[in-house]
> 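Sending over a structure as structure tokens; questions will come in a sec.
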Number of protein chains: 2
Amino acid sequence: MRSPNDSADKTRKRILATAEKLFAQKGYNGVSVREITQSAKCNLAAVNYHFGNKKNLYFDVFRYQLLPRLAEIETRFEDNLAKQTEINLETIIRTLTLVFIEKHLNNLGNESLNSMMHREINNPTGAVEIVIKEGMAPFFEVLIKQLKPYLPENMDEIKIKLNIFSMIAMSLYFSLAQLPVTTITGKEYNETFINQLTEHIVSFALHGLYGNSGEIC
Amino acid sequence: MRSPNDSADKTRKRILATAEKLFAQKGYNGVSVREITQSAKCNLAAVNYHFGNKKNLYFDVFRYQLLPRLAEIETRFEDNLAKQTEINLETIIRTLTLVFIEKHLNNLGNESLNSMMHREINNPTGAVEIVIKEGMAPFFEVLIKQLKPYLPENMDEIKIKLNIFSMIAMSLYFSLAQLPVTTITGKEYNETFINQLTEHIVSFALHGLYGNSGEIC
DNA sequence: GTCTATAGCAGGATAGAC
DNA sequence: GTCTATCCTGCTATAGAC
């Protein structure tokens, strides 16, 4: 049996999911409400009914779609790390890199999270701040807690954070900037190359991070 | 004395410069031709007269504004490197990082190059390809030539390229993603912090790059 | 080459029937 | 809650005077 709100809820969710996909692909100004409602197979007025206006729909995509997605990534990172037979700096970095990179092998939806954060970084509308404060910040806490035992004691929190940002920067760049990478290396993003990229990031980050501590090789 | 085309040329250039700034800030769909012409203090019809249509203006911004800007960066990199008393891996990396980071200290206009490349990476319109092929590719050749003597012989070209991309990824991220970095570290982008960032990138890259060669510490 | 005026269209939003 | 019809604004692009 369906509750009275079932259908409404479904329309609402369909709009959110469709909007996420389209906003990620084309940006806020690149998508019209008409396109969203047509793609979500509902009426034009539905967006205004459920979300008030277009801007609010955009914000709700961050709140109800992207924030949970970031939480999923965090969970997946912790789960995958727990599965490792041995935990050390390398396995932590590899696990982190894999959760950021894996969207290219299976469609887990990280793509829109990365893409929309990437867009927002260029012209913030206020929507990212939700994700940064409620999503990224706690993720950083988890990462710092995991990394700290394996890092030199003299590395302060700011330095650890800069190191984490650097790893994320590489993963994001190689995920999003496929066009320049493919054009300049001549390599397509197939499984072999993605593995090579992952190993590169892990190795670069591992040495970068450890060397960075002041303990010169 | 002014040549007959002087005024037209000036209008054209004013439009190009204004369009670069606005497209970088708000993206293609975020800016109207009206806004550009008003900001460039010329008539609405001037864009169509000089560039045919809006899309073509956007392409010409890449061709005539961004491409020369990338060439400038390349020149500045080579000039600054030539000024070093000693050239080694560290000085090359530091010089490269500085040319990418320095836009935050003085306004050299790199900002719009980074910003627009960043935007295009998300939804390519065909305009980036010009910059990649005619700007980035030759820059990579220069970088490879400079780096090669200081790298282990067993590092192939693909690996060198991935290493260069990783350095660029970090510089771009710390330049563009100021909001998350500031929110999470609690540090404002003042001169002290920018210096810390630069040193972090140089150190991370130096160890990442060298460690990456297989010569384990 | 520069400008005004305007055609022609697409966008967000809403009113009101069902 | 859903839909159609419609308002109104703002956009690109062009025609044609100067």
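These numbers come from a predicted model, not from an experiment. A note on names: the letters A, B, ... follow the listed sequences, proteins ahead of strands, and every chain is numbered from 1. Below, all heavy atoms of this structure are taken into account, side chains as well, without hydrogens, waters or symmetry copies.
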> Separation of B/K26 atom NZ from D/dC11 atom C1', in whole Å?
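That distance rounds to 15 Å.
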> Could you give the NZ-to-P distance, from B/K10 to C/dT2, as a whole number of Å?
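About 12 Å, once rounded to whole Å.
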> Could you check how far CG of B/L57 sits from P of D/dA13, rounded to whole Å?
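About 10 Å, once rounded to whole Å.
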> Report the relative orientation of the aromatic rings in B/H200 and B/F174; use parallel for angles under 30°, tilted for 30 to 60°, perpendicular for over 60°.
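Taking B/F174 first and then B/H200, their aromatic rings stand perpendicular (interplane angle over 60°).
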> Which whole-number value in Å describes the distance from B/I36 CD1 to D/dC11 C1'?
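That distance rounds to 12 Å.
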> For a quick check, with a 4.0 angstrom heavy-atom cut-off, what is the B/S/- contact string for nucleotides 11-18 of chain C, read 5' to 3'?
BBBB----
> Any donor-acceptor pair under 3.5 Å linking the side-chain atoms of B/T91 with those of B/Q84?
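Absent: no donor and acceptor within the cut-off.
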> Looking at residues at least two apart in the chain, or sitting in another chain, which of them share a side chain to side chain donor-acceptor pair (under 3.5 Å) with A/K133?
none
> Can you tell me the distance, in whole Å, between the CG atom of A/N43 and the C1' atom of D/dT2?
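A/N43 atom CG is separated from D/dT2 atom C1' by 6 Å.
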> Without decimals, in angstroms, what is the distance between B/Y58 OH and D/dT12 P?
15 Å
> Would you say the ring centroid of B/Y173 lies under 6.0 angstrom from that of A/Y173?
no
> Could you tell me how far apart B/K41 (NZ) and C/dT2 (P) are, to the nearest whole angstrom?
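Going from B/K41 (NZ) to C/dT2 (P), I get 16 Å.
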> Would you call the rings of A/F193 and A/Y189 parallel, tilted or perpendicular, where under 30° means parallel and over 60° means perpendicular?
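It falls in the perpendicular class, over 60°.
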> Ring centres of B/F165 and B/F140 under 6.0 Å apart?
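Between B/F165 and B/F140, the centre distance is under 6.0 Å.
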> What integer distance in Å separates A/R12:CZ from D/dT2:C1'?
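Between C1' of D/dT2 and CZ of A/R12: 16 Å.
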